[in-house]
Amino acid sequence: MRIIRALQIAPRASFASIAAALGLTEATVNRRYRRLRADGVIRVAGVVNPGALGQSRWLVRLRCRPGSGPAIADALAGRDDVNWVALGSVGCEVTCATQSRTREQHDDLLGRRLPRTAAVLDINAFAMLRQFLGGRGHYWTALQGTLTPAEEAALGSGEPPFAEAPVVAREPLLLTLEDEKLLAALAADGRASLVDLATAAGLTPGRASRRLDTLLRHRAVHVDVEIAAPALGYHARANLWLRVHPSAVKAVGRALAQEPEIAFAAAVSGPWNVHAVAHCRDLDELFEFTSDRIGSLAGLQGMEVSPVLKLVKQAGTRLVGDRLVEPPTARGRR
């Protein structure tokens, strides 16, 4: 847990730096990290933010014919422009998040592919309007307190890496061919060295470092530490759809972002105008959390709690059972 928290704070920090901060040996940190990765408990990867490139992001709920949900979820998870897929409602509902890099990708998925699928009975798409927690909001605060303030300070500034901001940048960043190659290498391994990134992009290490800093600063990419929540004891996951008075949307979104159980929160279009993803240890904890702490939020007018039957993909990483599966391009980089 301490190493996972250290990676959350500084995902690209060297093993030596993490070891020094935690009072461990470099060999111990290296060995434990590789075990966690091999066991599918964590994965560090670069995740592109289409909003920085001028593209909107959408959440989609599909109501499917009985028995067809798993196949549809699997097909969606195989698409590069879909980065989160969950199966719920006894396999009859699929929820996904799109990350289309171009308008053509978006139109192909929502305008042509899904409507033509006979097994899909109903489609509801919600534009993401404001993100309150997510991206490198790894500060899924369930792990706060794992390290001492001094240990966290030794790893970085201690400031949350995600700040509330518009979903779509007003001045989109234009990617070069070298940027695309660098991002592909970072997606395979978020801890890839600058030498490896430079080789992949055809740049010098110095140039690769400067481009990476630019991409991170403009939020074109974030280095995410994906965690298989069940491995840490969180077995009850749910999509929360909240109907909030318009004047209270910001306050509710910001309140959700402070809750340890919440891993993602955003304002969205449609009658359910706030969406969140919760991780709890069991259904009883989920009930207590949603009824007591969420249910008491000022401005809340209604809530739907939709338990996740199976998480198929998160932040671009596929899951088998409750474990993360690295793509073939990443397995050779261990």
Side-chain angles (χ1 to χ4, degrees), residues 1 3-13 18 33 36-37 39-53 57 59 77 80-86 96-99 101 128 131-144 146 152 155-157 159-165 167 179 182-193 196-197 212-213 215-232 234 237 257 262-266 276-277 279 311-319 322-327 329-331 333-334:
M1 291 281 282
I3 291 175
I4 294 175
R5 180 59 176 171
L7 287 168
Q8 285 188 323
I9 296 169
R12 287 183 53 80
I18 294 173
Y33 167 74
L36 288 167
R37 185 174 171 183
D39 289 346
V41 176
I42 64 171
R43 180 169 182 260
V44 182
V47 180
V48 174
N49 171 22
L53 309 180
R57 298 162 62 191
L59 294 170
D80 291 336
D81 57 347
V82 174
N83 71 332
W84 191 88
V85 183
C96 68
T98 70
Q99 57 171 12
R101 298 273 296 275
M128 196 181 301
Q131 192 169 336
F132 300 105
L133 180 67
R136 251 206 81 205
H138 61 241
Y139 279 69
W140 169 37
T141 55
L143 294 185
Q144 283 188 350
T146 304
E152 294 207 1
L155 290 162
S157 66
E159 294 297 321
F162 180 85
E164 180 186 332
V167 172
D179 290 337
L182 189 153
L183 291 173
L186 203 63
D189 182 2
R191 289 181 53 80
S193 69
D196 288 340
L197 293 177
L212 178 58
D213 287 343
L215 294 170
L216 291 170
R217 187 171 64 254
H218 286 272
R219 294 190 178 185
V221 67
H222 64 269
V223 182
D224 198 42
V225 179
E226 278 304 298
I227 302 172
L232 303 186
Y234 294 84
R237 295 167 286 197
I262 298 296
F264 174 86
V277 177
H279 292 276
L311 191 58
V312 182
K313 190 178 188 180
Q314 65 180 43
T317 301
R318 296 288 294 262
L319 290 95
D322 287 326
R323 293 296 185 267
L324 302 165
V325 178
E326 300 212 15
T329 52
R331 293 171 191 162
R333 296 174 178 264
R334 291 185 179 177

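As a basis for the values below, the full set of heavy atoms in this structure was taken, side chains included, without hydrogen atoms, waters or symmetry mates. On a predicted model such as this, the values are computed, not experimentally measured, just so you know.
Using a 4.5 Å heavy-atom threshold, the side chains of Leu212 and Leu186 count as touching. No side-chain heavy atom of Pro327 sits under 4.5 Å from any side-chain heavy atom of Arg318. In this structure the side chain of Gln131 reaches within 4.5 angstrom of the side chain of Phe264, judged on heavy atoms. Inter-residue side-chain proximity for Ile42 and Glu226 is flagged as unmet; no heavy-atom pair is nearer than 4.5 Å. For the pair Ile18 and Tyr33, the minimum side-chain heavy-atom distance is 4.5 Å or more. In this structure the side chain of Val41 reaches within 4.5 angstrom of the side chain of Ile4, judged on heavy atoms.
The main-chain N or O of Asp224 is never found under 3.5 Å from a side-chain atom of Arg43 such that the two would form a donor-acceptor pair.
With rounding to the nearest 0.5 Å, the separation of OH in Tyr234 from CD1 in Ile227 is 9.5 Å. Note: His279 NE2 to Leu232 CG = 10.0 Å, rounded to the nearest 0.5 Å. Once rounded to the nearest 0.5 Å, the distance linking CG of Asn83 with OG1 of Thr98 reads 8.0 Å. To the nearest 0.5 Å, atoms CD1 (Ile9) and OG1 (Thr146) are separated by 9.0 Å. One distance of note links CG of Leu197 with CG of Leu183; it measures 9.5 Å at 0.5 Å rounding. For the atom pair CD1 of Ile3 and CD of Gln8, the computed distance is 13.0 Å after rounding to the nearest 0.5 Å.
Of all non-hydrogen atoms in Ala266 and Met128, the two that sit nearest each other are CB-CG, 3.8 Å. Of all non-hydrogen atoms in Ala192 and Arg12, the two that sit nearest each other are O-NH1, 2.8 Å. Considering all non-hydrogen atoms of both residues, Ala187 and Ala45 come closest at O-CB, 3.5 Å. Summarising the geometry of Leu216 relative to Val223, their closest heavy-atom pair is CD2-CG2, 4.3 Å, with the distance given to 0.1 Å. Closest approach of Arg57 and Val167 over heavy atoms only: CD-CG1, 3.8 Å. What you find for Ala220 and Ala52 is that their closest heavy atoms are CA-CB, 3.6 Å.
Applying the side-chain contact (heavy atoms from CB on, under 4.5 Å) test to Asp179 and every residue at least two apart in sequence or in another chain returns Leu175, Thr176, Arg211, Leu215. The side-chain hydrogen bond (donor to acceptor under 3.5 Å, both in side chains) test applied to Asp80 returns no partner, not counting sequence neighbours. For Leu319, the side-chain contact (heavy atoms from CB on, under 4.5 Å) partners at least two apart in sequence or on another chain are Leu311, Gln314, Leu324.
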Stepwise, does the side-chain contact (heavy atoms from CB on, under 4.5 Å) test hold for Ile262 with Phe132? CA-CA 11 Å; Ile262 298 296; Phe132 300 105; over 6 Å; no
